[in-house]
Asks: 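Below is one structure. I have some questions about it.
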Amino acid sequence: MSRFATAPNPIRSLLVANRGEIAVRVIRTARALGLRTIAVYSDADAGAPHVRAADEAVRIGPASAAESYLNIDAILAAARATGADAIHPGYGFLSENAGFVRACDAAGITFVGPSADAVAAMGSKIAAKRIAAEHGVPTVPGYHGDDQSPETLAREAERIGYPVLIKASAGGGGRGMRAVHKAEEFSSALSAAQAEATSAFGDGSVLLERFIGRPRHLEVQVVGDAHGNIVHLFERDCSVQRNNQKVIEEAPAPNLTPAAREALQDAALRLARAIGYTSAGTVEFIMEEGSAEPFFLEMNTRLQVEHPVTEEITGVDLVEWQLIVAAGLPLPLAQAQIHARGHAIEVRLAAERADQGFAPAIGRFVRVGPVEGMRLDTGIADGSEVGLHYDSMLAKAIAWAPSRAEAVARLSAGLARLPVLGTPTNQAFLKDCLARPDFAQARATTRFLPENFPEGWAPEPRALARVRALAAAFWMWGPGGGAAATPLHARTGFRVMGARRPARVELDVSDDYGTAKLALIRGPEGASAEVEGETLPLTLPSGEGWVHEGLPVFSLRDGDTVHLAHDALALSAQVGLAIEIDSLAKVEGAGSGALTAPLPGLVTQVAVRPGDRVAQGATVLQMEAMKLVHTLAAHAAGTVAAVHCAAGDTVRAGALLVEITPDEEED
Ligand code: ADP
Ligand code: ADP
Ligand code: MG
């Protein structure tokens with residue numbers, strides 16, 4: 001019988017009140033420990049990886065988070081119905097909701113986390129800073145008083161000195177913060193911040209902090225048990241952020257004096273002891289560049305997104321420790337037995353347009369992983385659909401190595417070999433971040449992104465040209481390739497095999513990053529592509545073993561779309577022959593009266609029905625291809641014999657769309 005079944009708080013079954021990668025990750029450990037696992041899901045997640053990973057799954061509501069993953073009644077009902085002994089909340093959603101902890105307590109279900117009081121105390125940034133200050137933990141200079149009148153707050157802002165940061169006391173996830181640079185702007189910024197805080201977090205209270213220009217974000221992992229033991233598991237550096245949310249995290253923090261490291265660990269343990277903390281938690285600090293004095297920011301009373309880097313350097317499974325503590329058992333190791341080894345780095349993979357100010361992307365993934373040489377904690381798999389209901393984070397890639405430089409290299413190599421096809425992600429952006437000298441030399445502050453990508457990120461032009469050329473090559477020569485599918489195959493003189501003279505074909509490519517014209521050239525010397533005056537050598541598609549410049553090429557044909565990734569840059573492209581649309585339609589239709597699709601695209605309008613009379617030049621249909629509207633016209637007067645498509649159809653290049661019997665052929 002497992003130690004959990006015989007523990008003071010027996011746990012035999014665990015419900016995971018979350019979704020995505022963290023639900024999958026918690027279920028993995030729970031199953032390994034012999035617990036029965038129960039997933040919950042919204043309508044948007046039926047069939048999601050976390051549902052498949054669990055022993056049982058219960059639907060808790062429609063897609064909206066408020067009606068599903070934030071619905072306390074539905075989650076407790078699922079726990080009762082399945083006889084769950086315990087609930088793990090993951091992060092986000094209900095993980096820091098003291099009301100949920102109380103509701104679990106009242107229902108006699110073990111909450112895998114700290115006490116409701118600890119969650120409540122640390123859930124308010126104002127209360128947390130007061131407790132920290134009372135226990136000699138240095139906090140960011142500022143104001144965290146109860147008097148919330150605009151006059152007092154304006155006076156306090158003046159005292160702190162501009163720039164100041166207005167923060168929602170109940171905020172989280174990088175939201176609810178506003179920097180104010182001048183006294184004149186304070187009162188309008190304050191009313192906006194209070195209104196935002198009220199609507200987003202249900203609590204308008206704010207605190208003020210000195211706005212620190214170039215800080216590092218440092219944090220300490222702590223775990224306490226019900227037997228009075230509290231330990232730390234070293235620190236993490238999460239300075240690379242966008243919109244105050246972490247993008248890259250690592251452990252241990254590089255470039256830190258022993259004194260600063262000790263100050264961090266001491267402060268974190270002091271605060272955790274002060275509140276009698278049980279379970280895993282994270283004490284967050286910022287430290288001004290060049291200083292060795294960390295300031296307390298807040299405490300997160302839950303498992304953190306970036307917990308894997310700590311697991312990698314300590315060998316501790318933090319979910320297992322959370323379950324041990326929740327079961328009422330003592331921590332397995334004392335402080336002196338916990339050692340850090342090597343270095344671990346994590347990047348957060350998100351369905352995001354890093355090239356468009358990190359706007360969320362939506363769509364369906366047609367291929368995800370696997371990858372060797374790094375840990376991938378993922379909530380998506382082949383076929384997963386991402387929408388806008390939940391956070392854009394999809395997965396985390398984590399690499400460990402004996403040294404930091406090797407960990408960076410492994411993570412970078414892992415990203416370059418990780419296939420994620422179908423919907424845009426920030427994968428190439430993450431790899432570019434790792435390659436920046438500021439990161440390689442451990443100089444990152446929270447200003448890393450604006451300083452390293454002042455114009456915003458965009459794919460490196462050569463990398464983009466290469467991926468486009470590979471996509472075109474796959475379209476042309478891959479299985480079911482365009483060369484054979486197009487009616488122009490013979491006319492262009494383009495041969496797949498055995499051409500004596502170099503053959504050349506002009507193509508248009510339209511993808512996530514725009515459109516491009518390129519030429520594929522194939523001769524006895526091999527294949528190459530010409531893109532914007534540059535010649536790129538090409539390796540020809542060869543199924544799963546396709547390797548170009550030492551890195552795998554991942555490719556997939558999905559209707560008329562080619563999905564292709566190489567060296568961490570993925571795109572979904574429409575490829576077609578670069579042909580003058582009118583001339584093509586005329587040439588193709590000559591004699592036969594057949595109108596075919598000159599390019600793969602979407603039929604938007606069909607203007608004729610069988611039996612209709614059409615004059616020469618009359619519009620027969622319109623289609624959208626390569627982001628342009630193309631009109632297909634009758635090349636001769638006649639009668640519509642057949643219509644093979646309807647508005648809304650996606651059609652392949654060369655597809656027969658409409659047949660017209662020209663007048664002179666009629667009897
Ligand atoms: P971490 O502190 O573990 O790095 P993040 O700040 O990135 O985590 O938040 C993790 C997830 O939890 C995100 O989906 C974020 O939006 C959500 N989250 C964190 N704090 C809150 C909060 N107070 N209210 C609502 N969502 C939150
Ligand atoms: P959240 O609850 O959203 O995680 P935090 O207080 O932990 O809020 O702050 C999130 C991030 O915002 C920090 O990691 C840091 O980058 C930035 N930040 C917070 N406070 C300050 C400050 N006083 N000066 C400069 N940046 C800050
Ligand atoms: Mg924080």
Side-chain angles (χ1 to χ4, degrees), residues 18-23 65-66 69-70 89-98 100 119 122-126 128-129 132 139-144 157 160-181 197 200-203 206-219 221 236-249 280-289 294-310 318 346 348 350 360 379 389-394 396 444-450:
N18 214 300
R19 64 180 301 281
E21 70 84 18
I22 194 62
Y69 299 105
L70 289 170
Y91 54 68
F93 296 123
L94 295 170
S95 62
E96 292 178 279
N97 184 316
F100 180 58
V119 173
M122 295 295 122
S124 151
K125 287 183 168 47
I126 291 178
K129 281 184 81 173
T139 61
V140 184
Y143 172 77
H144 41 261
I160 295 161
Y162 287 92
V164 296
L165 191 62
I166 307 177
K167 268 190 195 179
S169 180
R175 290 168 308 138
M177 269 179 243
R178 231 161 229 266
V180 188
H181 296 272
F201 311 108
D203 174 359
V206 298
L207 63 160
L208 304 179
E209 286 181 357
R210 182 155 71 77
F211 180 74
I212 299 177
R214 301 185 80 240
R216 292 175 68 179
H217 175 111
L218 300 164
E219 58 184 38
Q221 177 70 57
R236 299 183 282 253
D237 184 323
C238 318
S239 299
V240 177
Q241 301 183 349
R242 61 133 180 83
N243 309 332
N244 300 315
Q245 262 206 301
K246 299 153 189 168
V247 175
I248 308 180
E249 304 109 334
T282 295
V283 187
E284 296 192 328
F285 301 85
I286 50 176
M287 193 167 80
E288 191 145 27
E289 200 192 27
F295 291 130
F296 170 74
L297 269 183
E298 66 158 347
M299 178 167 188
N300 293 324
T301 53
R302 55 172 164 89
L303 192 66
Q304 204 94 336
V305 173
E306 57 275 20
H307 75 278
V309 293
T310 298
L318 285 166
E346 169 184 287
R348 296 188 186 190
H389 289 291
Y390 316 112
D391 199 83
S392 62
M393 202 186 81
L394 307 167
K396 301 167 327 200
T445 69
T446 61
R447 303 286 303 153
F448 176 85
L449 293 188

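As a basis for the values below, the full set of heavy atoms in this structure was taken, side chains included, without hydrogen atoms, waters or symmetry mates. Each ligand, and each atom within it, is numbered from 1 in the order the structure gives. The first residue in the sequence is number 1, and the count goes up from there.
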Asks: Look at ligand 2 and say whether K246 reaches it with a heavy atom at a distance under 4.0 Å.
Replies: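 For ligand 2, residue contact (heavy atoms, under 4.0 Å) with K246 is absent.
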
Asks: Would T446 count as being in polar contact with ligand 2, using the rule that some N or O on each side must be under 3.5 angstrom apart?
Replies: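 No, no N or O pair falls under 3.5 Å.
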
Asks: Given Q245, R348, Q304, E219, which has its nearest heavy atom closest to atom 4 (O) of ligand 1?
Replies: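 Closest candidate by heavy-atom distance is R348.
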
Asks: Can you find an N or O of E249 that's nearer than 3.5 Å to an N or O of ligand 1?
Replies: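 Looking only at distances, the answer is no, because the N/O contact criterion of under 3.5 Å is not met.
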
Asks: Can you name the side-chain contact (heavy atoms from CB on, under 4.5 Å) partners of S169, sequence neighbours left out?
Replies: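 Counting only residues at least two positions away or on another chain, S169 forms a side-chain contact (heavy atoms from CB on, under 4.5 Å) with S124, K125, I126, S205, L207.
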
Asks: How far is atom 14 (O) of ligand 1 from its nearest protein heavy atom, and which residue and atom name does that atom have?
Replies: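 Answer, as residue, atom name and distance: D391 OD1, 3.1 Å.
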
Asks: Quick one: look up the protein heavy atom nearest atom 24 (N) of ligand 1 and list residue, atom name and how far away it is.
Replies: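 Answer for atom 24 (N) of ligand 1: R175 NH2, 4.1 Å.
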
Asks: Decide whether an N or O pair under 3.5 Å exists between G174 and ligand 2.
Replies: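 Yes - when backbone and side-chain N and O of G174 are compared with those of ligand 2, one distance drops under 3.5 Å.
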
Asks: Do any N/O atoms on I212 end up under 3.5 angstrom from N/O atoms on ligand 2?
Replies: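 There is such a contact, yes.
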
Asks: Check this for me, if you would: do E289 and R447 make a salt bridge, where the nitrogen-to-carboxylate-oxygen distance has to be below 4.0 angstrom?
Replies: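 Salt bridge: no.
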
Asks: Which protein N, O or S atoms sit under 2.8 Å from the Mg ion (ligand 3)?
Replies: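 Listed by chain and number, the atoms are E284 OE1, E298 OE2.
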
Asks: Among protein heavy atoms, which lies nearest atom 2 (O) of ligand 2, and at what distance?
Replies: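 Among all protein heavy atoms, the one nearest atom 2 (O) of ligand 2 is K125 NZ, 2.5 Å.
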
